[in-house]
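Step one of this worksheet: look at the structure below.
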Amino acid sequence: MEDERRDKDKHATESDNSRTQLKVLIVDDDKVVRLTHKMLLDRVGVKDHVAVENGKEAVELHNNGQSFDLILMDKDMPVMNGIEATRTLRSMGVSCKIIGVSTSTSNKIYVQEFVEAGLDDFYTKPLTVQILGEILEKIKS
């Protein structure tokens, strides 16, 4: 029993350690969503995160040499939307996980276009600690 608990604690610590080393980019035009995603990332142990307001800013960060382990990409944004930004990032050779997040899922064709642009997965906002934890576990595997 004691050994099982120690193994679980060790696994949790290893998981927490790997999460603290992740670098995440939040791309969303809504300030409240950006702050919410930052809080959720903090709660699951990810401390290195950057937030920008549109896809163009995400592309510029990569053009300036920054890289990330995960991008949380909104679909509907001014300047450059998530579909265009995802396509551009993939054409630049960006291979990190890009997760689409959006509140608008009623237009299935538009969601499909977003996925086909190069997303690794798609979730409906709002994200939760549980969903974010599942996303982070997929990154590790």
Side-chain angles (χ1 to χ4, degrees), residues 2-141:
E2 175 104 11
D3 288 339
E4 286 177 27
R5 190 175 27 188
R6 209 174 306 133
D7 287 344
K8 284 181 183 177
D9 290 346
K10 181 181 176 188
H11 178 69
T13 303
E14 287 170 357
S15 178
D16 290 347
N17 286 342
S18 64
R19 287 180 180 180
T20 60
Q21 296 171 8
L22 291 175
K23 186 171 183 181
V24 178
L25 175 61
I26 302 162
V27 187
D28 202 299
D29 60 318
D30 187 325
K31 184 178 183 176
V32 172
V33 171
R34 288 193 308 271
L35 291 172
T36 301
H37 285 172
K38 285 180 177 185
M39 279 183 7
L40 289 172
L41 287 165
D42 285 339
R43 285 184 63 192
V44 297
V46 176
K47 303 300 181 197
D48 192 358
H49 40 73
V50 176
V52 296
E53 295 180 20
N54 60 63
K56 183 176 183 223
E57 291 177 1
V59 169
E60 287 172 354
L61 285 176
H62 284 85
N63 279 333
N64 292 330
Q66 291 203 44
S67 63
F68 301 88
D69 300 297
L70 170 66
I71 300 173
L72 298 175
M73 180 76 71
D74 185 24
K75 182 170 59 89
D76 299 312
M77 299 175 285
V79 184
M80 181 185 284
N81 68 30
I83 294 171
E84 188 178 347
T86 300
R87 274 195 196 116
T88 302
L89 290 167
R90 291 301 191 210
S91 73
M92 293 167 52
V94 172
S95 61
C96 73
K97 298 282 187 196
I98 302 178
I99 305 297
V101 289
S102 182
T103 52
S104 65
T105 58
S106 57
N107 186 340
K108 300 295 182 196
I109 294 170
Y110 196 52
V111 171
Q112 185 62 31
E113 184 182 6
F114 195 16
V115 170
E116 289 172 357
L119 292 182
D120 292 288
D121 214 337
F122 178 85
Y123 292 88
T124 303
K125 288 189 231 175
L127 293 180
T128 63
V129 169
Q130 180 181 353
I131 291 170
L132 195 52
E134 291 170 10
I135 292 169
L136 295 174
E137 287 302 313
K138 287 180 186 178
I139 289 176
K140 289 182 359 184
S141 57

*How many angstroms lie between atom CD1 of Ile135 and atom CD1 of Ile99, to the nearest 0.5 angstrom?*
5.0 Å
*Which heavy atom of Ala51 sits nearest a heavy atom of Arg34, and at what distance?*
CB-CD, 3.9 Å
*Any chance you could lay out the side-chain contact (heavy atoms from CB on, under 4.5 Å) test for Leu136 and Val44, step after step, and finish with the verdict?*
CA-CA 9 Å; Leu136 295 174; Val44 297; 3.5 Å; yes
*asked:* Quick check: closest heavy atoms across Met77 and Glu53, and the distance to 0.1 Å?
replied: SD-O, 3.9 Å
*Can you establish whether the number of heavy atoms outside Arg43 located under 6.0 Å from its atom CZ is more than 12?*
no
*asked:* To the nearest 0.5 Å, what is the distance between CD on Gln66 and CD on Glu60?
replied: 11.5 Å
*Minimum heavy-atom distance Ala85-Gly55, with the two atoms named*: CB-CA, 3.5 Å
_Minimal non-hydrogen separation, Thr86 against Phe114, with atom names_ = OG1-CE1, 3.7 Å
*In Å, rounded to the nearest 0.5 Å, how long is the span from CG of Leu132 to CG of Leu127?*
6.0 Å
*Atom NZ in Lys97, atom NZ in Lys138: separation rounded to 0.5 Å?*
9.0 Å
*Name of the residue among Lys56, Glu84, Glu57 meeting side chain to side chain contact (heavy atoms under 4.5 Å, CB included) with Val79*: Lys56
Table please: side-chain donor-acceptor pairs of residues 24-31 below 3.5 Å, with sequence neighbours left out.
from	atom 1	to	atom 2	distance (Å)
Asp28	OD1	Asp30	N	2.9
Asp28	OD2	Lys125	NZ	2.7
Asp30	OD1	Val32	N	2.8
Asp30	OD1	Val33	N	3.4

*Can you find a pair of side-chain heavy atoms, one from Thr88 and one from Met92, that are under 4.5 Å apart?*
yes
*Pairwise distance NZ(Lys47) to CG(Leu41) - rounded to 0.5 angstrom*: 9.5 Å
_is_close_aromatic(His62, Phe68), centroid dist under 6.0 Å_ = yes
_For a 4.5 angstrom cut-off between non-hydrogen side-chain atoms, does Val111 reach Ser102?_
no
*Taking the side chain as every heavy atom from C-beta outward, state whether Asp42 and His49 have any atom pair closer than 4.5 Å.*
yes
*How far does CG of Asn81 sit from NZ of Lys75, to the nearest 0.5 angstrom?*
8.5 Å
